Amino acid sequence: MIDLDSLLSSLWPIAQARVPDTEVIRIEDAFDRVLAKPVISGLDVPGHDNTSMDGYAVRCADFLSCSQFAVSQRVPAGSAPQPLEQGTVARVFTGAPIPEGADAVIMQEEATVGEDGLVAFANLPKSGQWIRRRGEDIVAGQVLVPSGTRLNAFKVSLIASVGVHEVEVYKRLKVGVFVTGSELQRPGQPLSPGQIYNSNEYVWRGLLRAMHVEIESLGIVPDTLSATCDALRKLRGCDVVISSGGVSVGEEDHVKPAVESMGTLSSWKVATKPGKPLAVGELNRDDGSTCRFFGLPGNPVSSSVAFLLLVKPFIALMQGHALEAVDWRLRLREKTADFDWLRPDTRREEFLRVRDTPQGLTLFPNQSSGVLTSMDQSTGLVRLPVGKVVRRGDSLSYVDFQDLMQ
């Protein structure tokens, strides 16, 4: 068996070494895509000093000799003002440029307009008040969004604010999936004796869809060597192929010989619980290139945990994400245990399903790798070293599912 950290250390460089294809798209289509080239601002934002309030642009020095002022111009947002005449004020509206010579804005609530049209103010202005300075948000030449960033609504909005209408992003990866097991049935179909419903595929579909990859699914593949080989052959044109089941050592487990007949396996077992039977390798294509392969366990918890800890970050790295954005180990936090764990595994590190509560981390009562409710009703995982005994009050390394799924 290989320990998880060693496996991750060997896999991350493989994913990062891939040079993804890119494409240029409109920013309205860029949400949740990964930026391939940084966006550099070509202008200052705001592009001029402007008012953050409706009111009056004034010259502070004029208040030494005047108490009432004529309004010399009206400046709405989007207009170009004239220089401010000495001894006058300019009526301005939120977002309007500040006239040359003005050095403060007084809110309209502090102004009184007389019958003669002259304006008096309740308070003396302070230089710079209610003025947003040119470039205080973004400066020309600034790297606005670095490459490797997944573009959310705020990132796209920032890009739009500097007038950029197209961005270069990585093309979507294509991921092939299938599940092995003659005992499996599709949801919505009646179960025959000994059958169960396929659930693993739907975990992957949901998480992969959130990653905006193209999914090619073969669904359920029978537990035979020929059917497994056929499935791998159909999907090896994808960037990544994922299967579940058939990775143990029983007579009905055909993934290992199928992959070895079409490529290589670099790892077969990982020293984690759940998730020990985990196949990692590559499939050969006819053109001499290869496709990455991950064979996950058939138990739903083992499959889900292995996917979150290993496969999902690997795919994210292939998409062009920075390592610090996808390596969940960087998001482990120290939390206090509100449970005892007195019979640890002495050969494998363990990932326990827990709930983060105000009292501390509580343990889901059934840690079996077949209990899918433990994933739904927990908030995250505790990572325990090999042989780690836990007593209530101990400090533990915890990663939240939200951090794993983002």
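Just so it is clear, the model here is predicted, and its values are computed rather than measured. Sequence positions, counted from 1, serve as the residue numbers for this chain.
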Discussion item. Evaluate Thr272 against Glu349 for side chain to side chain donor-acceptor pair (under 3.5 Å), listing each step before the verdict.
Written reply: CA-CA 5 Å; Thr272 61; Glu349 64 175 312; over 6 Å; no
Worksheet item: Checking side chain to side chain donor-acceptor pair (under 3.5 Å) for the pair Gln108/Arg91: CA distance, chi angles, key distance, verdict?
Response: CA-CA 9 Å; Gln108 63 184 19; Arg91 182 74 165 103; 2.8 Å; yes
Item to complete: Check whether any side-chain heavy atom of Ser378 lies under 4.5 Å from a side-chain heavy atom of Val354, and answer yes or no.
Response: no
Discussion item. Any non-hydrogen side-chain atom of Leu381 less than 4.5 Å from a side-chain atom of Val305?
Written reply: yes
Worksheet item: Under 4.0 Å between a Lys/Arg side-chain N and an Asp/Glu carboxylate O for Arg233 and Asp230?
Response: yes
Discussion item. I'd like to know if the side chain of Asp44 and the backbone of Pro46 have a donor-acceptor N/O pair within less than 3.5 Å.
Written reply: no
Discussion item. Looking at Trp341, I'd like to know if the NZ or CZ of Lys388 sits under 6.0 Å from its six-membered ring centre while staying within 45 degrees of the ring's axis.
Written reply: no
Practice prompt. Output yes when a side-chain donor or acceptor of Thr180 lies under 3.5 Å from a complementary backbone atom of Gly245, and no otherwise.
Written response: yes
Discussion item. Any side-chain to backbone donor/acceptor pair from Arg285 onto Arg236? Under 3.5 Å, distance only.
Written reply: yes
Item to complete: Report the C-alpha distance between Glu201 and Val179 in whole Å, list the side-chain angles of each, state the deciding distance to 0.1 Å, and finish with yes or no for side chain to side chain contact (heavy atoms under 4.5 Å, CB included).
Response: CA-CA 7 Å; Glu201 182 184 355; Val179 294; 4.2 Å; yes
Discussion item. Given 3.5 Å as the limit, does a donor-acceptor pair link the side chain of His254 with the main chain of Ser226, or not?
Written reply: no
Practice prompt. Begin from the C-alpha positions of Arg186 and Asn198 and carry the test side chain to side chain contact (heavy atoms under 4.5 Å, CB included) through to its verdict.
Written response: CA-CA 6 Å; Arg186 289 187 296 112; Asn198 169 26; 5.7 Å; no
Fill in: side chain to side chain contact (heavy atoms under 4.5 Å, CB included) between Val390 and Leu384, worked out
CA-CA 9 Å; Val390 177; Leu384 295 183; 3.7 Å; yes
Worksheet item: Under 30°, 30 to 60°, or over 60°: which ring-plane class applies to Phe294 and Phe314, parallel, tilted or perpendicular?
Response: perpendicular
Response to the item:
When Lys174, Arg18, Arg292 are each screened for salt bridge (charged side-chain N to carboxylate O under 4.0 Å, His left out) with Asp239, the one that passes is Arg18
Worksheet item: Do Arg392 and Asp338 sit within salt-bridge range, that is, some charged N less than 4.0 Å from a carboxylate O?
Response: yes
Worksheet item: Can you find a heavy atom in the side chain of Pro277 that is under 4.5 Å from one in the side chain of Lys269?
Response: no
Worksheet item: Any side-chain heavy-atom pair from Leu265 and Val280 closer than 4.5 angstrom?
Response: no
Worksheet item: Which pair of non-hydrogen atoms, one from Pro300 and one from Gly370, has the smallest distance, and what is that distance?
Response: CG-O, 3.8 Å
Discussion item. For Arg209, give me all partners under side-chain contact (heavy atoms from CB on, under 4.5 Å), at least two apart in sequence or on another chain.
Written reply: Arg205
Fill in: Heavy atoms from other residues, nucleotides or ligands near CD of Gln189 exceed 12 (cutoff 6.0 Å)
yes
Worksheet item: Parallel, tilted or perpendicular: which describes the rings of Phe121 and Phe69, with under 30° parallel and over 60° perpendicular?
Response: tilted
Worksheet, complete the sentence: Between the CZ atom in Arg383 and the CG atom in Leu332, the distance rounded to the nearest 0.5 Å is 6.5 Å
Practice prompt. Step by step, work out the side chain to side chain donor-acceptor pair (under 3.5 Å) result for Arg353 and Gln377.
Written response: CA-CA 9 Å; Arg353 283 135 278 160; Gln377 296 178 23; over 6 Å; no
Fill in: Closest approach of Ala258 to Thr228 (non-hydrogen atoms, all atoms of both residues)
CB-CG2, 3.6 Å
Worksheet entry | Under-4.0 Å salt bridge between Glu23 and Arg33 | yes
Discussion item. Can a donor-acceptor pair be found, under 3.5 Å and without considering hydrogens, that links the side chain of Gln319 to the backbone of Met211?
Written reply: yes
Discussion item. With side chain to side chain contact (heavy atoms under 4.5 Å, CB included) as the criterion, how do Val119 and Gln68 come out once you've worked through the C-alpha distance, each side chain's angles and the decisive distance to 0.1 Å?
Written reply: CA-CA 5 Å; Val119 184; Gln68 292 182 311; over 6 Å; no
Discussion item. If you apply the rule side chain to side chain donor-acceptor pair (under 3.5 Å), what do you find for Gln367 with Ser374, and how did you get there?
Written reply: CA-CA 7 Å; Gln367 292 289 314; Ser374 66; over 6 Å; no
Practice prompt. Look at Arg134 together with Asp49 and state whether they make a salt bridge at an N to O cut-off of under 4.0 Å.
Written response: no
Practice prompt. Would you check if Lys335 and Asp356 make a side-chain contact, meaning some heavy-atom pair closer than 4.5 Å?
Written response: yes
Worksheet item: Salt bridge between Arg348 and Asp3, side-chain N to carboxylate O under 4.0 Å?
Response: no
Worksheet item: Between Asp403 and Arg333, is a salt bridge (charged side-chain N to carboxylate O under 4.0 Å, His left out) present by the stated rule, with each step listed?
Response: CA-CA 11 Å; Asp403 287 329; Arg333 292 172 284 168; 3.7 Å; yes
